[in-house]
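The structure under discussion appears below in the form of structure tokens.
In the text below, chain A, chain B and the rest are named by the order of the sequence lines, each starting its count at 1.
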Amino acid sequence: MLQIAQIREHKEAFATALKKRNIDAMPLLEKAISIDENRRSLQTQLDETLAQSNQLSKQIGGLFKSGKTEEANQLKEQTADLKTKSKSLGDELNQAVEELQQLLYNIPNIPQESVPAGNSDEDNEVVSQHGDIPQLHTDAQPHWELVKKYDIIDFELGNKITGAGFPVYKNKGARLQRALINYFLDKNTAAGYQEMQVPHLVNEASGYGTGQLPDKEGQMYHVGNDDLYLIPTAEVPITNIYRGDLLEEKDLPIAMTGYTPCFRREAGSYGSDVRGLNRLHQFDKVEILRIEHPDNSDGALDAMVVHVKEILEELELPYRILRLCGGDLGFTSSLTYDFEVYSTAQEKWLEVSSVSNFKTFQANRLKLRYRNADKGTELAHTLNGSALALPRILAGILENYQTEDGINIPKVLIPYCGFDKID
RNA sequence: GGAGAAAUGGCAGAGUGGUCGAAUGCACCGGUCUUGAAAACCGGCGAGGGUCACACCUCCGGGGGUUCGAAUCCCUCUUUCUCCGCCA
């Protein structure tokens, strides 16, 4: 959520920046400013009314104490007007606050300077590409065939137990998955990220904190009886650890990592994109998160990109890095780098990580602040990224490492797996 | 799931209708003293709104109510603790 004080000050600049998202935000921004002006005027009026009330109450108290009941009762009559007045001002104020809140909830984050213009994923900027795309043997297969052949992932079984998009990992497939999780967590903790195990269900306040609510309810599974949501990413519970906190400057940065399953309804998805492991309702992911001093968040984002690169290098997978264009940038992000692994048998790039700097956008919703050197409070910056998402990495490994007589295991994973080949 | 108790500032802990945004202690920050440190003493020390800055307003788990006036009384929700039951 953008800060209204900032909107007031940088209206033009914000509108210009938001054009990159292909939205004409000026009317929204101006509306926000006018609601806020009204809000402040109401606040002032209410304050004055309350001040009068308080004054009177004190007098009445004094009179009662000194036994002047008559006079006190007289004054009491005067309070009735003030009461109705403050009641109606209060209602109006709440309405204005609520209206402003709703409006602000619906304005996305300001893209950074470096975010390219564009409408869709086709306009994302390829920053760099790494690794060689392997030459596969002639009857190489996509991963959904391979997993059947080697009996390591069973989609049919998932259909039976739950429904489409909930695969069952079996045998060496399950073991490989577990190996990847451990490997990722080890890499992340070695880089200074504190490991966290967090709930997989979150309440509404947490959903608002990171920006999944109010608008993206449709993406999350909702448990009606208890009014909880299954997490679509570990970002939600882990970031919300610090919701409402006032940190000391010396506590920053805070770096955390966590493994969780992720649940996404993916309403409206269809076609070849959802084939096999490409898009699931439940998948595993290891996430890295940082809470940063505003001065350092840009550097922190770069460091996270380097960290994810290192993992992909060690896995020896061909990958590329994209800078998301304005049209493809997530609602809450100011700058996002996507990592894609080349899926050789499908001949397409699969997104395996998304690393973002949210600046103060989440922190403002979360009321996540730190005390700066001047003893003032300021919003912190939040960042997060996948390191990494499991299914598409798995797909990438299966497809890129396949040979005529089995699937090799990347060297770095062999100690975690306890085998070097799936055959 | 049943019965009871509780929720106050970073922590501990007073406060049961009226100058209480809140005693006191600890922690923390600044100063005096000291070669330096400790101790001692002095001062400061929650957040949000609002203002050029004051004034002023709001907040004692969340929400609602009673009252001229609520941290204090009532309702409700949430959470924690104790006991019982159940249980990985």
Side-chain angles (χ1 to χ4, degrees), chain A residues 1-9 32-101 103-104 197-209 213-214 223-229 237 240-252 254 261 291 360 362-380:
Chain A
M1 184 164 70
L2 300 177
Q3 299 165 76
I4 185 64
Q6 301 273 311
I7 293 178
R8 249 188 270 156
E9 241 174 280
I33 290 171
S34 101
I35 296 171
D36 184 54
E37 266 163 19
N38 184 234
R39 192 209 101 225
R40 281 185 293 159
S41 142
L42 287 166
Q43 181 79 63
T44 308
Q45 292 172 57
L46 176 63
D47 286 358
E48 278 165 9
T49 313
L50 288 174
Q52 286 177 43
S53 286
N54 291 343
Q55 197 66 29
L56 271 179
S57 289
K58 275 180 192 170
Q59 283 181 35
I60 292 169
L63 287 171
F64 271 124
K65 260 191 184 162
S66 51
K68 297 176 184 162
T69 321
E70 198 78 1
E71 286 178 57
N73 284 327
Q74 247 167 10
L75 275 187
K76 263 201 207 180
E77 284 164 28
Q78 293 182 33
T79 60
D81 271 359
L82 290 172
K83 245 187 146 177
T84 36
K85 194 173 168 194
S86 58
K87 178 95 175 74
S88 73
L89 281 170
D91 289 347
E92 278 185 78
L93 177 64
N94 286 340
Q95 221 169 44
V97 168
E98 179 63 21
E99 198 185 345
L100 181 61
Q101 179 87 326
L103 189 67
L104 293 179
Q197 281 195 23
V198 289
H200 301 163
L201 287 162
V202 293
N203 58 28
E204 197 177 53
S206 293
Y208 274 93
L213 296 176
V223 182
N225 277 348
D226 299 285
D227 201 17
L228 296 171
Y229 296 87
N240 273 282
I241 289 171
Y242 287 94
R243 168 154 46 89
D245 284 6
L246 177 54
L247 303 166
E248 295 302 326
E249 195 165 1
K250 65 174 163 53
D251 297 333
L252 300 175
I254 291 168
I291 298 169
T360 58
Q362 287 183 331
N364 191 30
R365 292 177 166 220
L366 292 158
K367 303 249 179 311
L368 168 48
R369 299 156 301 159
Y370 69 95
R371 207 187 302 272
N372 64 24
D374 311 325
K375 300 224 172 149
T377 62
E378 259 176 278
L379 293 173

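When the C1' atom is compared between B:C59 and B:U72, the two are found 16 Å apart, to the nearest whole Å. Atom name P, nucleotides B:U24 and B:U32: the rounded distance is 25 Å, in whole Å. Comparing the same atom, P, in B:C60 and in B:A22 gives a spacing of 14 Å after rounding to whole Å. Atom name P, nucleotides B:C57 and B:A70: the rounded distance is 13 Å, in whole Å. Here, B:C42 and B:G15 have their C1' atoms 28 Å apart, quoted to the whole Å.
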Please enumerate all protein N or O atoms sitting under 3.5 Å from an N or O of nucleotides 18-23 of chain B, with distances to 0.1 Å.
| from | atom 1 | to | atom 2 | distance (Å) |
| --- | --- | --- | --- | --- |
| B:G18 | N2 | A:Ser57 | O | 2.9 |

For nucleotides 72-74 of chain B, list the nitrogen or oxygen atoms of the protein found under 3.5 Å from its nitrogen or oxygen atoms, one pair per line.
none

For nucleotides 27-29 of chain B, print each protein N/O atom paired with a nucleotide N/O atom at under 3.5 Å, atom names and distance only.
none

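For RNA chain B, the neighbouring residues in residues 34-45 of chain A, judged by any heavy atom under 4.0 Å, are A:Arg39, A:Arg40, A:Gln43.
Using a 3.5 Å distance cut-off with no hydrogens or angles, the side chains of A:Glu37 and A:Ser41 do not pair a donor with an acceptor. Looking only at atom types and distance, the side chain of A:Gln3 has no donor-acceptor partner in the side chain of A:Asn364 under 3.5 Å away. A donor and an acceptor atom, one from each side chain of A:Asn203 and A:Ser206, are located under 3.5 Å apart. Of the N and O atoms on the side chains of A:Glu98 and A:Asn94, not one donor lies less than 3.5 Å from an acceptor on the other residue.
A:Asn240 has its side chain out of reach of A:Pro237: every pair of non-hydrogen atoms, C-beta onward, lies at least 4.5 Å apart. Residues A:Met1 and A:Gln101 form a side-chain contact, since some pair of their non-hydrogen atoms from C-beta on lies under 4.5 Å apart. Counting heavy atoms from C-beta outward, A:Leu82 and A:Leu56 have side chains that approach closer than 4.5 Å.
Contact annotation: A:Asn54 side-chain N/O to B:U58 OP1/OP2 distance is under 4.0 Å. Under 4.0 angstrom from either OP1 or OP2 of B:G48 there lies at least one side-chain N or O belonging to A:Arg369.
Residues passing the salt bridge (charged side-chain N to carboxylate O under 4.0 Å, His left out) test with A:Asp36, sequence neighbours excluded: A:Arg8, A:Arg39, A:Arg40. Residues satisfying the salt bridge (charged side-chain N to carboxylate O under 4.0 Å, His left out) test with A:Lys76, not counting sequence neighbours, are none.
Where A:Lys76 and A:Glu48 each meet RNA chain B at their nearest nucleotide, the meeting point lying more 5' is that of A:Glu48.
Evaluated for a side-chain hydrogen bond (donor to acceptor under 3.5 Å, both in side chains) with A:Asn372, the options A:Glu249, A:Glu248, A:Glu378 yield exactly one hit, A:Glu378.
Residue A:Ser53 is classed as having no contact, given no heavy-atom separation below 4.0 Å to the nucleic acid.
Nearest nucleotide to the A:Lys83 side chain, out of B:C57, B:G69, B:A47: B:G69.
Base pairing analysis places B:C56 opposite B:G49; the two distances defining the Watson-Crick or G-U wobble pair are each below 3.5 Å.
Summarising the geometry of A:Ala205 relative to A:Arg243, their closest heavy-atom pair is CB-NH1, 3.5 Å, with the distance given to 0.1 Å.
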